Protein chains: 2
Amino acid sequence: MQDCIYTAAESVERSGLKGLPLFKACQDSFFQKMAKRALTQKHSKGKILFLHGDEARYFYFIQKGLVRLFRETLDGSQVTVDILPAGQVLALRTIFEDDLYPYSAEIVENAEITSYPLSYLKDEIQTNNTLALNMLSSMSRCKRRKEQEIEHREIQNAPQRIGCFLLRLIPQNKEGPVTIHLPYDKTLVAARLGMQPETFSRALSKLKRETGIKIKGATIELDTVQQLVQFSCAACSSEFPCKDLQQREF
Amino acid sequence: MQDCIYTAAESVERSGLKGLPLFKACQDSFFQKMAKRALTQKHSKGKILFLHGDEARYFYFIQKGLVRLFRETLDGSQVTVDILPAGQVLALRTIFEDDLYPYSAEIVENAEITSYPLSYLKDEIQTNNTLALNMLSSMSRCKRRKEQEIEHREIQNAPQRIGCFLLRLIPQNKEGPVTIHLPYDKTLVAARLGMQPETFSRALSKLKRETGIKIKGATIELDTVQQLVQFSCAACSSEFPCKDLQQREF
DNA sequence: CGAGGGTTTGAAGTGCATCAAATAGTGTGG
DNA sequence: CCACACTATTTGATGCACTTCAAACCCTCG
């Protein structure tokens with residue numbers, strides 16, 4: 001579905017590319033240049049934004065909606081790399097990957113997405129050392145997340161992984177009772193956590209049984225965060241308020 | 001065991017810090033400054049170089065030996081993050097991690113290791129944009145490896161993961177019969193691949209049965225690379241010569 | 001109201017972990 | 001150079017967690 005193109009330029013202002021911490025070292029001239037080539041499009045669920053291995057000319061900013069990043073083998077089995085909500089950038093790191101997208105991207109919830117030329121970004125990091133340094137910290141954090149994901153898959157069981165996922169949805173320093181809303185379909189959460197939907201369903205009820213959390217559809221209520229921390233964080237090498245690991249990028 | 005300190009300065013020259021692609025954009029003055037604070041030590045097997053969460057002042061270069069990077073939970077279970085051979089740098093990314101080591105490091109084969117002050121490196125990347133860019137590509141590659149590792153653990157079974165590991169030990173573009181030597185103990189390879197030693201043993205014999213490779217202790221012979229490629233790379237989203245993913249750093 | 005996707009539940013199978021024990025291999029001191 | 005001690009590796013038996021296949025249920029939305 002080739003959904004309606006509805007704007008160009010100026011979108012950078014609205015977009016929030018400018019609002020991203022990653023780009024805070026950039027001058028207005030950079031944003032203006034970007035804006036000239038920016039293009040915002042609406043996409044509906046199911047649309048493939050690009051495929052792993054495609055030649056890349058753009059990176060993207062998600063204004064609205066949800067994007068699933070994944071990789072696929074020849075025989076058709078897929079691995080979900082990440083699921084990005086509005087406010088995230090994607091395909092940035094393509095500039096370090098010979099201009100080939102390192103994963104495929106699929107719209108999983110009607111979205112509005114702005115594209116920007118990678119070439120401009122490349123030019124900018126050549127000269128803007130602070131941007132390069134910001135990208136380094138950002139990528140380092142992202143890499144740490146990946147490492148933690150490997151660890152989790154190795155030592156946490158399915159209910160613990162779900163508990164850990166829920167904990168990351170809670171704003172920092174929250175005390176007492178909390179209400180959590182799953183940010184997307186259970187099937188997607190399952191994919192994100194590397195398990196089957198059936199396993200997710202069973203694991204969630206086990207989590208409920210073991211920790212006493214309350215579940216109503218996509219809404220989950222905790223009397224106290226401790227409930228979950230005790231259950232999930234036991235099988236993890238980081239201790240609880242997993243500092244800023246909810247941020248993603250690249 | 002606090003093993004003999006046997007040299008300082010000048011070690012940079014011998015060391016090969018200078019020889020690393022990562023640092024090819026650095027001036028001699030940088031290496032000389034580094035050399036003044038460099039310290040090379042011998043460590044024997046079992047020595048803990050540093051612990052996850054320790055305050056970090058140095059990064060390291062492995063002159064000889066093997067280092068295992070790992071993380072540990074409170075209840076004592078460990079996850080092996082990587083196993084680094086001579087020629088590798090480690091703990092570089094600590095500068096993006098609030099100066100706390102992001103993992104623990106243990107000597108697993110008598111080693112000779114040079115330490116350098118992280119602060120000098122920090123200073124250098126502040127001003128040397130090319131170094132920063134090189135670090136970016138390097139870290140991007142490293143991150144890709146991590147993502148691939150997640151994928152492998154999700155869709156490859158134990159024998160396939162071993163096959164994939166073996167393939168990465170073969171020099172690029174090698175044709176016909178190949179002899180592979182495991183770079184370290186089977187127990188370590190197992191840990192590296194996230195499986196138990198028992199599983200590794202059984203999976204390796206299964207791999208042998210299914211592909212017809214020949215195994216004599218730590219030596220493995222293939223009539224042709226295809227044997228393994230067909231078996232392992234079927235369950236992977238990248239196609240065979242997994243371009244430069246044998247390199248690591250950070 | 002009916003269609004279709006999301007979600008749950010059941011039953012059965014598989015792969016890896018775990019525990020236990022045997023065997024092979026390696027380095028050490030005598 | 002040999003015997004011992006210790007570690008690495010293999011093998012067997014069993015259990016558990018997750019997957020897979022199948023089917024029912026539920027919910028939303030046209």
Side-chain angles (χ1 to χ4, degrees), chain A residues 44-46 66 68 75-80 83 106-110 150 152-163 181-210 215-220 231-232 235, chain B residues 44-46 66 68 73 75-80 83 106-110 150 152-163 165 181-210 215-220 231-232 235:
Chain A
S44 43
K45 187 169 169 175
L66 275 181
R68 182 174 75 104
D75 62 33
S77 65
Q78 295 189 342
V79 175
T80 294
I83 291 168
E106 176 199 9
I107 309 298
V108 287
E109 191 178 274
N110 291 348
I150 294 174
H152 286 169
R153 283 164 190 238
E154 189 160 334
I155 59 187
Q156 293 185 330
N157 60 26
Q160 287 171 327
R161 283 222 293 289
I162 297 177
H181 231 79
L182 292 181
Y184 31 78
D185 278 355
K186 290 182 178 176
T187 311
L188 276 176
V189 179
R192 179 66 250 276
L193 296 176
M195 57 183 85
Q196 299 310 117
E198 295 95 325
T199 303
F200 180 86
S201 174
R202 286 185 255 257
L204 185 58
S205 23
K206 184 165 187 183
L207 183 68
K208 178 181 170 184
R209 253 179 291 135
E210 312 243 329
I215 303 174
K216 286 197 285 275
T219 306
I220 290 149
F231 181 80
S232 288
Chain B
S44 43
K45 187 170 169 172
L66 275 180
R68 181 174 76 102
T73 66
D75 63 31
S77 65
Q78 295 189 342
V79 176
T80 295
I83 291 169
E106 176 199 10
I107 308 297
V108 287
E109 190 179 276
N110 291 348
I150 294 174
H152 286 170
R153 283 166 189 237
E154 190 161 330
I155 58 185
Q156 292 185 330
N157 61 24
Q160 286 171 327
R161 285 222 292 291
I162 298 177
F165 178 83
H181 232 77
L182 292 180
Y184 31 79
D185 278 355
K186 290 182 177 176
T187 310
L188 278 176
V189 179
R192 180 65 249 278
L193 297 177
M195 58 183 85
Q196 298 310 117
E198 296 95 326
T199 303
F200 180 86
S201 175
R202 284 186 255 258
L204 185 58
S205 22
K206 185 163 186 184
L207 183 68
K208 180 182 168 183
R209 252 179 292 132
E210 311 244 330
I215 304 174
K216 284 195 288 273
T219 306
I220 289 147
F231 181 81
S232 289

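Atom set for the values below is all heavy atoms of this structure, side chains included, hydrogens, waters and symmetry mates excluded. Lettering follows sequence order; numbering is per chain, from 1. Since we're looking at a predicted model, the values are computed, not measured.
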Open item on the list: Could you check whether any side-chain N or O of B:S201 sits under 3.5 Å from a backbone N or O of B:E198, counting only pairs where one atom can act as donor and the other as acceptor?
Closed with: no

Task: Proximity to the side chain of A:P159 - top-ranked nucleotide from D:dC18, D:dT10, C:dC16 - done: D:dC18

Open item on the list: My understanding is that only residues two or more places apart in sequence, or in another chain, count here; which of them pass side chain to side chain contact (heavy atoms under 4.5 Å, CB included) with B:V108?
Closed with: B:L66, B:R68, B:E106, B:L188

Open item on the list: Could you measure the distance from the CD atom of B:Q196 to the OG1 atom of B:T187? Nearest 0.5 Å is fine.
Closed with: 10.5 Å

Task: Nucleotide D:dC18, atom C1' - distance to CD of A:Q160 in whole Å - done: 14 Å

Open item on the list: Quick one about B:T73 and B:D75 (side-chain donor to acceptor, distance below 3.5 Å, no hydrogens or angles considered), yes or no?
Closed with: yes

Open item on the list: Nearest whole Å is fine: how far is D:dA17 P from A:R161 CZ?
Closed with: 13 Å

Task: Qualifying residue, where the test is side-chain contact (heavy atoms from CB on, under 4.5 Å) with A:K206 and the options are A:R202, A:K208, A:E210 - done: A:E210

- [ ] Please check the phosphate of C:dT7 (OP1 and OP2 only) for any side-chain N or O of A:T187 closer than 4.0 Å.
- [x] yes

TODO: Find the distance A:L188:CG to C:dT7:P and express it as a whole number of Å.
DONE: 8 Å

Task: Separation between CE of B:M195 and CZ of B:R161, rounded to the nearest 0.5 Å - done: 4.0 Å

TODO: Establish, with yes or no, whether the OP1 or OP2 oxygen of C:dG6 is under 4.0 angstrom from a side-chain nitrogen or oxygen of A:K45.
DONE: yes

TODO: Please confirm whether any donor atom in the side chain of A:E198 sits under 3.5 Å from an acceptor in the base of D:dC21, or the reverse.
DONE: yes

Open item on the list: Rounded to whole Å, how long is the line connecting atom CD of B:E154 with atom P of C:dC16?
Closed with: 14 Å

- [ ] Using five base pairs at each end, measure the axis-to-axis angle across the helix from C:dC1-D:dG30 to C:dG30-D:dC1 and round it to 10 degrees.
- [x] 40°

Task: d(CZ, B:F200; P, D:dT9) in whole Å - done: 8 Å

Task: hbond_proxy B:R202 side chain to C:dT18 base (donor-acceptor, 3.5 Å cutoff) - done: yes

TODO: Output yes when at least one side-chain N/O atom of B:S201 is less than 4.0 Å from OP1 or OP2 of D:dT9, else no.
DONE: no

Task: d(NZ, A:K186; P, C:dT9) in whole Å - done: 10 Å

Task: Between C1' of D:dT19 and CD of B:Q156, the distance in whole Å - done: 18 Å

Task: Which nucleotide in D:dT19, C:dC16, D:dC18 has an atom nearest any side-chain atom of A:A158 - done: D:dC18

- [ ] Taking A:Q160 for its side chain and A:N157 for its backbone only, find out whether a donor-acceptor pair lies under 3.5 Å.
- [x] yes

Task: Length of the line joining A:Q196:CD and D:dC18:P, which is rounded to integer Å - done: 12 Å

